[in-house]
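Comments concern the structure below.
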Amino acid sequence: MTLNALRLPLSAALLTALAALAPSAPAAAANPAPAEATAGTACAQTSFRIRSDLHAPLDADAGWAAEEGAAAVIQADRPFRIRFEVEAGPQDTGARYFELQYRRNGGEWEDVEAGDFPYPFNETPPVSTVSTPAYGNGAVIGDLLGGSQLPFGGGAGVGLDTLAPAWRGSGVHGEWEWALVIRAFADGAVQHADGGRFEFRMVGEKGCLGIPASLATVTLQVPPGHIGGTFIETPGPIGPWQASNGDLYFMIEPSETYNVLMMIKSSDGGRTWREVDPANRPLTDDLEGFSSALHEGTVHMLHQTSDDVWHHAFHTSDHTGAPDTWAVRDERLASPVEPPTQVAALAARSDGSLVAVYGQDAKLELNIRSAAGAWGTAQLIDHPGAQVISGPMLATGHDDRVHLAYTVDGTAWHRTVAADGQLGEAHQLATGLLAGVDHAVGSILPLAYLPDSRSLVVVYRLANGELWSRRADGDGRFGEPARVSARRVVQSAIDADQTGADVAVVGGAAHVLFIEESTGDVYHVAGTADGGWAPERLLHGEVDAQWVRGSEVRRADGTVVYGHVFDAGSDGGSGMNRYDEVIVD
């Protein structure tokens, strides 16, 4: 039973008497007290202060977000702390237990749940207590706030818990500091927008319940480009895709513990994002093997789970028939034998037909969806003597010939899929990739087809961590390998079966973003006209990145950029995804 259920109305006379006994509120406090009356008011909150620095020592007079008794601005997915001061009346005896409640934009009061950040473990609440490196849960606390003149009687620092330790004393005051986070996306696909108002109060039971003279108030700030949520763990392309009118679309999960497929949209160049058509999102979750492709106002998605392979599709805002809607929720095209790791690759051809490749036991399977929407007969992609065939990538080339790259026991290979669906011969691209079932996925990055020269760029990660590439000319002849970077690039960060890198065609040239293994920094490398690579340059430092995906984006002023979403250190959890852009020359 929540504490709300224990409250009973008080008479007007009793409320007036209590108000007369309560200490004066700090001058800076201007928020109204809760409207509802409460029972057992032997305690009263006398002050609060909001601290933005999660790492500040518990009793340090530092790291504050605002003055004592004043509201503060706090960023989404950025843990913070609130310190409260509470007085116990002279007749109050026995043990008291406090917990924390919040309300959003003047709504109903809700109990604050526990859910760590960035990895929440069992659930991802919209607002939750979190652990802090500054102190352990129940840590001894000092007298720091100045709202009460009564003697100090203890309290505690509260971390990843919902109930403060028992407090005893009468005619004294105590202090409690809670570590918290407000998430941009949470379980239930709940989203918190910029400017949201969150009010917090301590509540008690067993004869002690504070009626605060002012509420600890936070205004939520969602920085430009901040998305939150959880990255889809796939090496394949997932956008951001741009509609012809400039709107951007990206696929993401709201949280690690609520992994439904959301399509989010930005109509202001990536500064703000929101889910589109949530009522009709696909029912199939378990987002493992996943890939997508944009064709004439529709984002098509291929999705392999443990049991089935699905097709989803979403109409963007420039679609002529049904803009900003899910067009295909869950279309099952296969139920193959489960592969060692779920994989998916998808390419759209000029007539709207789709070429799909996914895992079939230890091999791959190819299927083609006609422009009319009918899937054909699947054909097995085999390789003589191979233990595991995996890591497929697709790209549509000249005359709708689709290029296919995949891994075979630590080697990389290339084949083509003709317009009539016939598979071409297999040609080896590289050796020395990570081998074995656990590493068969993710060594090949998204393929880059350059239409002006009709050439294909295949970038892959070697076992030593370096990125290398092979480039095929218009006749399909591959040149010598070229090293993209000597820095060691991360692979299989946290629980993601992929290289921490991306390739996209931007401004007619191949560009690479990659994450350095030792630092988590994100670097950018531009391809050169002769098939080589320019020196890498640091793009995002001190972010402990784990995933990155992007594509060509054209700004409203016509500037062509490499728009990308990267995860700045979620440790396999949620909350750190951001959108940014690289201007290319």
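All values below were derived from every heavy atom in this structure, side-chain atoms included, with hydrogens, water molecules and symmetry-related copies excluded.
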Partner of Arg487 by salt bridge (charged side-chain N to carboxylate O under 4.0 Å, His left out), out of Glu466, Glu517, Glu536: Glu536

Just to verify, what does Ser350 make a side-chain contact (heavy atoms from CB on, under 4.5 Å) with, not counting sequence neighbours? Asp400

What I want to check is whether the side chains of Asp277 and Thr325 have a donor and an acceptor closer together than 3.5 Å. no

Is the count of non-hydrogen atoms from other residues, nucleotides or ligands lying under 6.0 Å from Asp420 atom CG greater than 12? yes

Check the angle between the aromatic planes of His311 and Trp375 and answer parallel, tilted or perpendicular using the 30° and 60° thresholds. perpendicular

Does CD belonging to Gln387 count more than 12 external heavy atoms closer than 6.0 Å? no

Mind checking side chain to side chain donor-acceptor pair (under 3.5 Å) for Arg454 and listing every partner two or more places apart, or none if nothing turns up? His398

Could you pull out all residues at least two apart from Phe117 that satisfy ring pair (Phe, Tyr, Trp, His ring centres under 6.0 Å)? none

Report yes or no: do Arg183 and Ser128 form a side-chain donor-acceptor pair below 3.5 Å? yes

With Trp326, which residues qualify under ring pair (Phe, Tyr, Trp, His ring centres under 6.0 Å), at least two apart? Phe314

By side-chain contact (heavy atoms from CB on, under 4.5 Å), which residues pair with Ala412, not counting sequence neighbours? Leu429, Ala430, Leu433, Ile444

In terms of ring plane angle, is the pair Phe566 and His540 parallel, tilted or perpendicular, where the classes change at 30° and 60°? parallel

Side chain to side chain donor-acceptor pair (under 3.5 Å) filter on Ser574, not counting sequence neighbours, yields none

Parallel, tilted or perpendicular: which one describes the rings of His319 and His315, with boundaries at 30° and 60°? parallel

Residue list, side chain to side chain donor-acceptor pair (under 3.5 Å) with Thr431, at least two apart or on another chain: none

Heavy-atom closest pair, residues Ala114 and Leu160: CB-CD1, 4.1 Å

Any side-chain heavy atom of Val505 within less than 4.5 Å of one from Leu450? yes

Could you verify whether a donor N or O on one side chain and an acceptor N or O on the other, from Asp194 and Thr272, lie under 3.5 Å apart? no

Apply side chain to side chain donor-acceptor pair (under 3.5 Å) to Tyr460 and Thr499, showing your working. CA-CA 9 Å; Tyr460 48 91; Thr499 295; over 6 Å; no

Please list, chain by chain and in numerical order, all residues satisfying side chain to side chain donor-acceptor pair (under 3.5 Å) with Ser370, sequence neighbours excluded. none

Parallel, tilted or perpendicular: which describes the rings of His564 and Tyr579, with under 30° parallel and over 60° perpendicular? tilted

Under the salt bridge (Lys or Arg N to Asp or Glu O under 4.0 Å) definition, can you give me all pairs with a residue in residues 332-350, not counting sequence neighbours? Asp308-Arg332

Quick note, salt bridge (Lys or Arg N to Asp or Glu O under 4.0 Å) partners involving residues 375-396, not counting sequence neighbours, are Lys363-Asp382

Report the C-alpha separation of Gln428 and Thr411 in whole Å, then their side-chain angles, then the decisive distance to 0.1 Å, and conclude whether the side chain to side chain donor-acceptor pair (under 3.5 Å) test is met. CA-CA 7 Å; Gln428 184 170 291; Thr411 62; 4.8 Å; no

Just by distance, with hydrogens left out, do Trp241 and Thr316 show a side-chain donor and acceptor under 3.5 Å apart? no

Residue set satisfying side-chain contact (heavy atoms from CB on, under 4.5 Å) with Ala504, at least two apart, ordered chain then number -> Asp502, Val506, Tyr562

Please enumerate all residues that pass side-chain contact (heavy atoms from CB on, under 4.5 Å) together with Arg78, with sequence neighbours excluded. Gln75

